[in-house]
**Student:** 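First, the structure itself, so that you have it in front of you.
Below, chain A is the first sequence line, B the second, and so on; all start at residue 1. For the numbers below, each heavy atom of this structure counts, side chains included, while hydrogens, waters and symmetry mates do not.
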Amino acid sequence: MDSKISNTNIYLCSSFSPDGKHMVAGNHAGWIFVWDVASIDDNKPVQPSYRWKAHEYSVYCIKFVNNKLISGGDPGLKMWDWPTILQAKENGEDTKLVFDEFITDQNTLYETNGIDIDYVNSQLYSACGNKLGYCWDIETGATIKTYEGHHEFLTCIKYNRNYNRVITGSEDSTAKIWDNRTNDLLFTLDCSKGIIGNEKINRKKSWISCMDCDASGNWLICGSGGTSVYTVWDICSPRVVSCFPVKQGPEDVKFINDKILTVGLDSITYTWNFSGEPLGRTVNDMALTSLSSYNEVYTVCGYSNEIILYSPYNIKMGSFTI
Amino acid sequence: RGSDSGGDPDSKKRRIVNQDDTQAIKVLINDIKSNIGEYVAKRSNAEMDSAEDIYKQTLILFVKLKQLNRDIVNQTSDVSLETKHCQERQEDDDLQLQNYLYEKNHYRREIITCQKYETGDIFEDLMPLDEFLVSNQNDIDGLDEHQINIRRLRNELELREEMQKQLKELNEKKEELIDKYSQKMKMINNLKNELKSIDEVSSPLQKLFDVSITKNQETIDTAPYLPQPLYILFTVVTAYIDASGDVNVKIMIEGDIEEGKRCTHELYNNNNQSEMTTENIYECHPLSINLSISQGNSSITLNIYYLISLGIVTLQSDSPIDSLIDLFPNDSGEISPNPASSIIFEDENFTFDINVRGRAYYWLQQLCGLQFLNVNHQHSLMQTDTKIRFSVLLQRIKERMGSIDELNEQIDILKKGKIPAEISTRINIRNFTELNTFKEISHNSASKITLAKEEGELEDGEVGAKDDTPKIKLNPNSRYFEAIFRNRPKDEFRALVEIPPSYPEHPPVFNISTKVSRKTAPKYEIPTILKELANEEAYKFATSGKSELSVEVPNLKYIESELNTNCYSFLGETTSKNEILSYQLRKLKMCLDIHFEVANKGVESGTRTPQGRAIRGRDRRPYFDHKLW
């Protein structure tokens, strides 16, 4: 990548490696970068230790499972071998990395917008641009289930182990809760209005941009673009419990311990408690698209070259850059 | 009365007539009368014989009378002649008398004038008496003072007259000479034009014989006085010109020849090394090379100097924009290529003022035979063993000139609001925006634009972000332009275009921002149900702020990225790289059209790809990639 025009870099997804030693992020041009967290320094941004072009257009979601790195992008859903990547990092070569792909006839041309992983059963859930949600077997790469019913492309998907449910969010401004065993659609949530809606929803400029389930599996938070609101649902009933309005553009949300962290296009990182009270705001100088956390620290990244690492008390510890 | 002989020869013989004669005449007459009477009487009486006698007597009396008469007449005429003569003499005398009187008067007047005449100091003006006496010794002997003075005056007069004559002559000569001289001057002044016209007229002939008369000889004569690097450059270029016959390249030597001789001599004595000091670092050799390269209608002139103190060769070009920057990658000519300078000035990348003597390009040093071991810069040129050939360099320069010409042409068209490029699409992109202005801006204005991002207000409990640094580093050698696109609700999309000096090898870089007018600013309203659930403080914060969004508009970043990275791919095979600017702007307009439509209608936008989708991905990006159009 030409460093001259790297001011147009946009990170779309980020994640810590399971051991917390590495930071991985994917950008709008399809590149995935790897950084050493240990080299974080207050003064100087950390350069990537490795990078490669994973997808043709963009990388939308990225997650680790066992020793693999799964990236969903435009197009394709690929699985990379993590140790090989670390090896390549050591050698510093530009090796062509081998990947496995989760692919069917239907989804070849479509992008994968969100993924989630069932670690116990080793299954992968993906939200696809062809209005379908998929469940894959990680070992074999075969499709186990598809979730059909949205009117527009899916933006995110979440697996809820507690209730064995799958929740999908879509451009059509609804989130649907599916029963994982029977594959039935249980509920359709209109997140822009906070009600359980009908099938036909007036989807005027509102779409689900992000979702997260908390550790216990009882709560679901959805971000609605357009109305710029996060709604927290009690998955069991389901009903809206609280609401978090933001200035603009919800992009990513995470339950971290007993707090909720949200980031968005207004470049503000909000910290909330479960009842909707804002606990703090951190203003950055770039619009944010992704949030990832490891233990107590978290990173935010978005429309710039930098991924900023924050300590639990919102103190900037350093940054990763291209 | 006396008789005067007069002129009559018989006069001596004449008898003097007197009173008696008069009496005699009277008697005669009476006798005649009586005789006549008698005759008549006798005739009447028929006394012929007596009549005859009377007749004869009377005849005799007549004769006597005649004689007497003759005498009288003669005497009268004598006297009258005499009188006449006397009269004549008298007149002559009278005349003479008059003359003498006149003359006397004249002299009297003259005398009075002379007596009145103030001689004054006239004798002072004359040649001094001694001199005169010396020079005219012979003539003067025995003359009195008066005569001497007269002589002196006369002499003086003569001398002066002669001198005046000489003066006149000399003046005339002088006039002549002046005339001659001015004519010659005119001729010489015209000579230059005549020679020029001769040169012009004979130029076809010159071309035929491949000989050019005028300037080359002088240049070649001066060449040996050039300092060594410039000399090498000179030989390389002239060799190229001779070998290739390229008429578009001309080389000349400029500067003071004498100074140059002296300076080169000094350098030679110091073994071509000059001590590098921190003072007077721009001291340059008096001779410089003037290289002009033309292509089509445009040409550039390069002045090449050798900076003695820094030991480098610099180049100054005449075009207002330094068009030879980055001819090879990373070569702006601002850093001194000579590593020695970094030691003296204690600065790793010693930069000097390029406005004094121009820029020091690496390729220029190489052409001049200056090989520097490059310690700090990772420069591809200096590290390879291949020498740059002048023909290759010339090719690059000409390409660069052509690129700049085409670039300026495009800019001229763009300034009028038209985009001279078309991109064909399969999908229907409706026209919402149009190019409103395209103008060049100064670096100052450019830096102000990039700081446009607004920050949110900080409230209690918030931690502010780090200090805002300008997002874009300004390249001092690039040109910056501002393109403003407008659509009907008067939203403004502003693109800051940076055109690097190495256009089009490096494409223009775009930086896009927008100002949304009040009409289209989306209003975010939280539904009533959720409003009740929302924390009041959070709700207030969320809904506060202006309706004009100054936060990031995601699509613009994608458009930027498209324009900056994939630019050459939408050029097509037949279009030259030089037109990249226009194509980028056309693409920008089309992307803005798509963006505007999608921003307002979302998924239901009319602009759909052949797959039927308007937006794609979690980030809801429209199809800015032209491959999908």
Side-chain angles (χ1 to χ4, degrees), chain A residues 2 4-5 7-10 12 28-29 57-58 60-61 74 109 111 113-114 129 152-153 155-156 171 192-195 203 205 207 209 225-229 231 240-249 265-268 276-287 289 303 314-316, chain B residues 453 455-459 461-469 471-472 500 506 509-511 522 524-535 537-539 541-545 549 551-554 557-558 560-565 600-603 611 613 615-621 625:
Chain A
D2 195 320
K4 227 183 187 177
I5 39 97
N7 61 323
T8 52
N9 177 62
I10 307 167
L12 293 173
H28 74 296
Y57 289 110
S58 305
Y60 285 120
C61 45
D74 185 3
L109 294 174
E111 74 278 18
N113 288 318
E152 282 297 332
F153 61 91
T155 55
C156 42
E171 167 78 14
S192 60
K193 296 219 180 91
I195 53 172
R203 42 180 189 269
K205 284 214 280 187
W207 59 94
S209 52
T227 50
S228 303
V229 154
T231 44
V240 173
V241 169
S242 57
C243 156
F244 306 86
V246 291
K247 254 197 187 311
Q248 191 203 349
L265 294 177
D266 52 9
S267 71
I268 304 175
E277 270 178 66
L279 299 175
R281 290 182 212 113
T282 311
V283 181
N284 302 284
D285 59 356
M286 58 201 180
T289 56
Y303 283 72
N314 297 332
I315 298 173
K316 181 182 168 193
Chain B
K453 175 96 184 279
E455 286 186 13
E457 296 138 32
L458 295 181
E459 297 195 13
E462 271 195 44
V463 179
K466 61 184 197 290
D467 285 346
D468 234 14
T469 50
K471 284 201 236 164
I472 297 181
H506 291 114
V509 177
F510 283 74
N511 191 277
Y524 295 101
E525 268 294 322
I526 301 177
T528 346
I529 301 177
L530 298 177
K531 238 191 270 186
E532 289 164 6
L533 286 170
N535 178 283
E537 184 200 330
Y539 179 71
F541 180 75
T543 48
S544 73
L549 304 171
V551 293
E552 197 74 69
V553 181
K557 273 287 181 248
Y558 286 118
E560 241 182 60
S561 168
E562 271 295 309
L563 288 180
N564 291 332
T565 47
N600 287 328
K601 294 191 186 166
V603 180
Q611 284 93 27
R613 293 183 73 175
I615 56 179
R616 189 177 174 99
R618 190 165 66 87
D619 50 358
R620 306 178 72 247
R621 191 196 327 185
D625 191 341

**Student:** Do A/Glu111 and B/Arg613 meet the salt-bridge criterion of a basic N to acidic O distance under 4.0 Å?
**Tutor:**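 Salt bridge between B/Arg613 and A/Glu111, a charged N being under 4.0 Å from a carboxylate O: yes.
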
**Student:** How long is the span from the CG atom in A/Leu109 to the CZ atom in B/Arg616, to the nearest 0.5 Å?
**Tutor:**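 If I round to the nearest 0.5 Å, the distance is 7.5 Å.
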
**Student:** Supply the atom-to-atom distance A/Asp266 CG to B/Phe541 CZ, rounded to the nearest 0.5 angstrom.
**Tutor:** 7.5 Å

**Student:** Would you indicate whether the side-chain heavy atoms of B/Ile615 and A/Glu171 approach each other to under 4.5 Å?
**Tutor:**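 The answer is yes, as the side chains (C-beta and beyond) meet within the 4.5 Å cut-off.
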
**Student:** Using heavy-atom distances under 4.5 Å, tell me whether A/Leu12 contacts chain B through its side chain, its backbone, both, or neither.
**Tutor:** both

**Student:** Report which part of A/Phe153 has an atom under 4.5 Å of a heavy atom belonging to chain B: side chain, backbone, both, or neither.
**Tutor:** side chain

**Student:** Nearest 0.5 Å, what's the NZ-OG1 distance between B/Lys557 and A/Thr289?
**Tutor:**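 Reported value, rounded in 0.5 Å steps: 12.5 Å.
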
**Student:** Answer yes or no: is there a donor N or O on one side and an acceptor on the other, between the side chain of B/Arg618 and the main chain of A/Cys61, under 3.5 Å?
**Tutor:**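 Absent.
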
**Student:** What part of A/Val246 lies closer than 4.5 angstrom to a heavy atom of chain B: side chain, backbone, both or neither?
**Tutor:**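 Only the backbone of A/Val246 comes within 4.5 Å of chain B.
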
**Student:** Looking at A/Gly249, A/Gly129, A/Gly114, which one has more heavy-atom pairs under 4.5 Å with chain B than the rest?
**Tutor:**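 Highest number of pairs under 4.5 Å: A/Gly129.
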
**Student:** What verdict does the side chain to side chain contact (heavy atoms under 4.5 Å, CB included) test give for A/His28 and B/Asp619, after you've listed the backbone C-alpha separation in whole Å, the side-chain angles of each residue and the deciding distance to 0.1 Å?
**Tutor:** CA-CA 10 Å; A/His28 74 296; B/Asp619 50 358; 5.6 Å; no

